[in-house]
2 protein chains.
Amino acid sequence: MEQLFVIKIGGNVIDDENNLLAFLKKFAAIPGLKILIHGGGKIATKIGGKLGIESKYIDGRRITDAETIDLVTMVYGGLLNKSIVAKLQLIPATKRPVTKEGIDFGFVGDVISSQLAVGSLQIMIDNNLIPVIAPLTHNSKGQMLNTNADTIASALAVALSKLYAVRLIYCFEKKGVLENVNDENSAMPLITKEIYQQLKSDNKLFDGILPKIDTAFAAIADGVKEVLIGNADDLLQNITEETPGTLIK
Amino acid sequence: MEQLFVIKIGGNVIDDENNLLAFLKKFAAIPGLKILIHGGGKIATKIGGKLGIESKYIDGRRITDAETIDLVTMVYGGLLNKSIVAKLQLIPATKRPVTKEGIDFGFVGDVISSQLAVGSLQIMIDNNLIPVIAPLTHNSKGQMLNTNADTIASALAVALSKLYAVRLIYCFEKKGVLENVNDENSAMPLITKEIYQQLKSDNKLFDGILPKIDTAFAAIADGVKEVLIGNADDLLQNITEETPGTLIK
């Protein structure tokens, strides 16, 4: 049998940023098959304190109440796990530059679909694993960045359209792109480029939907087969039959 | 090309637990290849408020400062992503029952290695992807549970030992199992069952190390090739040469 390292790091290694970086550098260099399992560290107690969540112990063992399970899910599964993965690999992005007007959006990442390495996603998809992706990216130097989820969905859809016939589906609370903002039942079944230009010049679309439609047309131009925008419930209910919501093509 | 659904759900679907459950039920039932990308929802603002992190916007767009990127990494990548994955699949566990003494540890999960489905890990490992695993489990009904990271490492090592020659490595701040608690340089190179019994009856071991060694022997009895306990730095430095730290076999 091939050799596999199952490596666990404890809290003390994680608590110190420099220790962690030194560790991960060496971990990355280990040849062969490997898994990394990390513990918690002191940061959960620190953030819990700020949130007013008291750490309770009986005989030295932590009692995990409803507040505490949310806390450790955030800190272990979110902050620590993603930071470790960012230092190893995740969706790379570029920090958004300061605008001409001098606005710095901070730790916001812009992704470029041609730079996405979708090989790992392909492996999962082809083996019937279902990737569940949070809208977080990194700058390839271990710094997490915040990215718009619509944008990530579109960038991944474009990158994957080289490998699959991709249908990109935006689920939200409305029934689609509304022709009349005040009428929830005015969802348009189809938007073509011509229809879109007309709607924009007529000033008919509500603000929030404009970037979604722009992103949709950009995705189609770059290889995505079609984009559907609509109500979460309706779309998935009938995804293989006649599609409700707004089809963009 | 085979069809792939790239499905994005927005914050409004996530904010309501019942909406989210209904959505995921339908998502799970979609036949064929699929990816799920989720947005943030209002919970980041809510938890940020409790932590004293103010949401700042310029022209309606969020400014992500250093505090905010940690916040969204926790909430989007941790709380939301793991909750969604738990509702779909993750490491299953059983909530620890109330003890004879009436102690309820709360949302704490005990894992059983024979119940771990390591198929998805195997796919990743065999394709040179490196799983990075946080010590979080779920009860197969969507409830997150908190589990000791040493235990998860051991349970996964055992489950994977049916497929690979597994070396389980516990990295922490000490140089190994110390023969003299007060002497950091007294790490023992080897512990066999006989040595362990002797050490225990001599009362020589510091408290924290006992469960680690017990877990190590249990893992070896169940198929793991060997267990190493030692300093994070030392172990990975020389992992393919002569191993520092304490070898358990």
Side-chain angles (χ1 to χ4, degrees), chain A residues 1-10 12-13 23 26 33 35-37 39 50-51 58 63-65 69 72-74 76-79 81-82 84-85 103 105-108 120 123 125 127 129 131-134 136 144 146 149 153 157 164-173 232 236 239, chain B residues 1-10 12-13 23 26 30 33 35-37 39 50-51 58 63-65 69 72-74 76-79 81-82 84-85 103 105-108 120 123 125 127 129 131-134 136 144 146 149 153 157 164-173 232 236:
Chain A
M1 280 197 285
E2 201 169 352
Q3 181 171 264
L4 170 72
F5 292 113
V6 175
I7 298 177
K8 189 256 168 179
I9 41 167
N12 295 47
V13 183
F23 171 85
K26 285 171 190 161
L33 306 181
I35 286 183
L36 180 62
I37 293 142
K50 283 194 199 168
L51 286 168
I58 295 182
I63 305 299
T64 306
D65 59 14
I69 186 67
V72 299
T73 302
M74 287 198 305
Y76 300 169
L79 196 55
N81 188 275
K82 298 286 173 189
I84 290 169
V85 172
I103 300 171
F105 283 103
F107 296 102
V108 166
S120 53
I123 288 163
I125 293 166
N127 284 284
L129 298 175
V132 178
I133 297 165
L136 296 162
M144 296 297 304
N146 190 10
Y164 306 95
V166 174
R167 293 172 73 185
L168 172 59
I169 300 171
Y170 286 115
C171 300
F172 67 157
E173 71 283 7
L236 299 193
I239 208 160
Chain B
M1 280 198 285
E2 202 170 350
Q3 180 171 266
L4 170 72
F5 292 111
V6 176
I7 298 177
K8 190 257 169 178
I9 41 167
N12 295 48
V13 182
F23 171 83
K26 284 171 193 163
I30 299 172
L33 307 180
I35 286 183
L36 181 62
I37 293 142
K50 283 194 197 169
L51 286 167
I58 294 183
I63 305 297
T64 305
D65 59 14
I69 186 66
V72 298
T73 302
M74 289 199 302
Y76 299 170
L79 196 56
N81 188 274
K82 298 285 173 190
I84 289 170
V85 172
I103 299 170
F105 284 103
F107 296 102
V108 167
S120 52
I123 288 163
I125 292 165
N127 285 284
L129 298 176
V132 178
I133 297 166
L136 296 162
M144 294 299 301
N146 189 11
Y164 307 94
V166 174
R167 294 172 73 186
L168 173 59
I169 300 172
Y170 286 114
C171 300
F172 66 157
E173 70 283 7
L236 298 193

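These values consider heavy atoms only, across backbone and side chains, with no hydrogens, waters or symmetry-generated copies. Letters A, B, ... are given to chains in the order of the sequence lines, protein chains preceding strands, and every chain is numbered from 1.
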Using only atom types and a distance under 3.5 Å, with no angle test, would you say the side chain of Asn81(A) pairs donor to acceptor with the backbone of Val132(B)?
yes
Nearest heavy-atom pair of Ala153(B) and Ile37(A): which atoms, and what distance?
CA-CD1, 3.4 Å
Could you tell me which portion of Leu168(B) (side chain, backbone, both or neither) has an atom closer than 4.5 angstrom to a non-hydrogen atom of chain A?
both
Between Ile35(B) and chain A, with a heavy-atom cut-off of 4.5 Å, which part of the residue counts as in contact: side chain, backbone, both or neither?
both
Contact origin within Asn127(A) toward chain B - heavy atom pairs under 4.5 Å
both
Find the one option among Pro131(B), Ala157(B), Gly106(B) whose heavy-atom pairs under 4.5 Å with chain A are most numerous.
Pro131(B)
Taking every heavy atom of Met144(B) against every heavy atom of Ile69(A), the minimum-distance pair comes out as O-CG1, 3.4 Å
For chain A, find which of Val166(B), Val85(B), Val108(B) contributes the most heavy-atom pairs closer than 4.5 angstrom.
Val166(B)
With a 4.5 angstrom heavy-atom cut-off, which part of Ile125(B) approaches chain A: side chain, backbone, both or neither?
both
Smallest separation among heavy atoms of Phe23(B) and Cys171(A), with atom names
CE1-SG, 3.9 Å
Locate the shortest heavy-atom distance separating Gly39(B) from Ala149(A); write the atom from each residue and the value.
CA-CB, 3.7 Å
If you compare all heavy atoms of Leu79(B) against all heavy atoms of Thr73(A), which two are closest, and at what distance to 0.1 Å?
CA-CG2, 3.8 Å
Among the options Gly78(B), Gly77(B), Ala165(B), pick out the one with the most heavy-atom pairs lying under 4.5 Å from chain A.
Ala165(B)
Give the minimum heavy-atom separation between Phe5(A) and Ile169(B), together with the two atoms involved.
CD2-CD1, 3.7 Å
Below 4.5 Å from any heavy atom of chain A, which atoms of Asn146(B) appear? Answer side chain, backbone, both or neither.
both
Looking only at Leu33(B), Val72(B), Ile123(B), most heavy-atom pairs under 4.5 Å shared with chain A are made by Ile123(B)
